[in-house]
Amino acid sequence: MRLSRALLALPAAALVLAFPGVAHADESVQVTLQDLNETGATGTATLTATSGGDLKIMIRSKGMTPNSPHAQHVHGAANGMDFHCPDKSADANGTGFVSTEEGLKMYGDIFISLTTTGDTTKASGLAVDRMPKADAQGNLTYQRTIPAAELPAGTIEHLKDLHLVQHGIDANDNGKYDMEALGESTFAKSIGVNGIPAEATDPATCGMVSGAAAGSVPAGGVDTGDGSTSDSPSMTLFGVGAFALLGAAGAFAARRRLAGQR
């Protein structure tokens, strides 16, 4: 009888050995955030997929606009698109700075909004009242764990295909966002938010996951370092919904928070 039971247990044991991934350990990927608009901002980030399916994000940046909120996002999707961090060649209008509109063509749609509290969907992409704020020295620290149930489908499976973008630059080196440097953000205005300085929405850093493989559908991005894919829906979808991100409440909060700095 004991022998029979032992023999019956063998198939189950064999299945466990054949599929060791049943009990997943935490898996982390590293991101080096590089200056995107020659402001000197840099940083590092770690994305960790926990054994329970949650996503833990840790970011440390320096050289950011001091005492100011910085919108930041995970970019990508689960459809095989190949996006990259842009370089200065993305500055199509010759202003000397890569704008949000110019950058979007390279790094794609928002996958997750890295807010400090509350919603993390792309609808919170400009919810600056819930974005991290750099200190007086321009250092920014961020840590949050997003529950599995709140992650877009395919996040953990495509963890190595994702990348990060942080927004908010100080083009005229006066320590704040203002209209004098680059004027009004045409991107914010295009989604119905007036009075936002372009400095507040232009990208400051971008980083791709180290060692990620290239995606299946090239999107014309420029590789700035270690090769990655960031999957994203079409730019048409982004134009309609991407930073339609805000919602009426988010739009008002963004305008009020940024206007207070001028």
Side-chain angles (χ1 to χ4, degrees), residues 31-45 57 59-66 68-76 83-115 122 124-128 131-134 138 140 142 162-173 176-178 181-191 193 196-209 219-226 228 230 232 235 238-239 242-243 245-246 254 258:
V31 175
T32 298
L33 294 165
Q34 298 180 334
D35 174 18
L36 190 54
N37 268 313
E38 297 182 0
T39 59
T42 59
T44 59
I57 305 103
I59 301 175
R60 302 287 185 273
S61 299
K62 61 182 180 179
M64 310 294 284
T65 304
S68 301
H70 291 270
Q72 54 180 20
H73 319 98
V74 173
H75 286 259
F83 286 94
H84 299 280
C85 290
D87 61 13
K88 293 295 288 185
S89 66
D91 175 26
N93 61 7
T95 62
F97 295 90
V98 178
S99 68
T100 299
E101 295 95 328
E102 292 166 335
L104 288 174
K105 299 174 183 178
M106 302 292 180
Y107 52 69
D109 200 358
I110 291 176
F111 200 59
I112 302 169
S113 294
L114 298 180
T115 54
K122 68 180 181 179
S124 293
L126 277 182
V128 294
M131 290 293 179
K133 185 177 180 180
L140 184 150
Y142 176 84
L162 304 176
H163 57 281
L164 299 177
V165 177
Q166 294 178 302
H167 298 261
I169 68 174
D170 181 15
N172 55 357
D173 297 319
K176 61 181 180 179
Y177 303 143
D178 56 37
L182 301 174
E184 185 176 8
S185 170
T186 56
F187 177 74
K189 192 172 184 177
S190 72
I191 59 173
V193 186
I196 302 299
E199 287 184 318
T201 59
D202 282 358
T205 70
C206 183
M208 300 182 293
V209 173
V222 179
D223 190 344
T224 61
D226 45 31
S228 169
S230 240
S232 170
M235 289 305 297
F238 190 94
F243 260 9
L245 314 165
L246 298 169
L258 292 172

**OP:** Report the distance from atom CG of Asp178 to atom CG of Asp170, rounding to the nearest 0.5 Å.
**Re:** 7.5 Å
Original post:
Are the aromatic ring centres of Phe111 and His75 under 6.0 angstrom apart?
Top reply: no
Original post:
Is there side-chain contact between Leu33 and Ile59, with at least one heavy-atom pair below 4.5 Å?
Top reply: yes
Subject >> Over all atoms of both residues, closest heavy-atom pair of Asp202 and Ser99 >> reply: OD1-CA, 3.4 Å
Original post:
Partners of Gln166 by side chain to side chain donor-acceptor pair (under 3.5 Å), sequence neighbours excluded?
Top reply: Ser61, Gln72, Thr205
Original post:
Any side-chain heavy atom of Asn172 within less than 4.5 Å of one from Glu199?
Top reply: yes
Subject >> side chain to side chain donor-acceptor pair (under 3.5 Å) against Asp173, all qualifying residues, sequence neighbours excluded >> reply: none
Subject >> Nearest heavy atoms of Met131 and Ser124, plus distance in Å >> reply: CE-O, 3.4 Å
Subject >> Test: Lys133 cationic atom under 6.0 Å from Tyr142 six-membered ring centre, within 45° of axis >> reply: no
Subject >> Residue list, side chain to side chain donor-acceptor pair (under 3.5 Å) with Thr44, at least two apart or on another chain >> reply: none
Original post:
When Thr42 is tested against each of Gln34, Lys62, Met64, Arg60 for side-chain contact (heavy atoms from CB on, under 4.5 Å), which residue passes?
Top reply: Lys62
Original post:
When you measure from the side chain of His73 to the backbone N and O of Leu114, does any donor-acceptor pair fall under 3.5 Å?
Top reply: no
Original post:
If only atom types and distance count, is the side chain of Glu102 paired as donor or acceptor with the main-chain N or O of Ala92 below 3.5 Å?
Top reply: yes
Original post:
Between the main-chain N or O of Ser89 and the side-chain N or O of Asp87, is there a donor-acceptor pair closer than 3.5 Å?
Top reply: yes
Subject >> For Ala204 against Ala41, the heavy-atom pair lying closest together >> reply: O-CB, 4.4 Å
Original post:
Looking only at heavy atoms, what is the nearest atom pair of Ala71 and Gly125, with distance?
Top reply: CB-O, 3.7 Å
Original post:
Is a donor on one side and an acceptor on the other found under 3.5 Å between the side chain of Ser113 and the backbone of Thr115?
Top reply: no
**OP:** Without swapping roles, check the side chain of Lys88 against the backbone of Val98 for a donor-acceptor pair under 3.5 Å.
**Re:** no
Original post:
At their closest point, which heavy atom of Ile196 faces which heavy atom of Ala200, and how far apart are they?
Top reply: CG2-CB, 4.1 Å
**OP:** Using a 4.5 Å cut-off on heavy atoms from C-beta on, say whether the side chain of His167 contacts that of His70.
**Re:** no
Original post:
Do Thr39 side-chain atoms and Asn37 backbone N/O form a donor-acceptor pair below 3.5 Å?
Top reply: no
Original post:
In Å and rounded to the nearest 0.5 Å, what is the CD1 to OH distance from Ile169 to Tyr177?
Top reply: 9.0 Å
Subject >> Ala188 backbone acceptor or donor facing Ser185 side chain under 3.5 Å >> reply: yes
Original post:
Between CZ of Phe97 and CG of Leu36, what distance do you get to the nearest 0.5 Å?
Top reply: 11.0 Å
Original post:
Does some side-chain heavy atom of Leu182 sit less than 4.5 Å from a side-chain heavy atom of Thr95?
Top reply: no
Subject >> Any side-chain donor near an acceptor of the partner, Thr186 and Glu101, under 3.5 Å >> reply: yes
Original post:
Which pair of non-hydrogen atoms, one from Pro203 and one from Val165, has the smallest distance, and what is that distance?
Top reply: CB-CG1, 4.0 Å
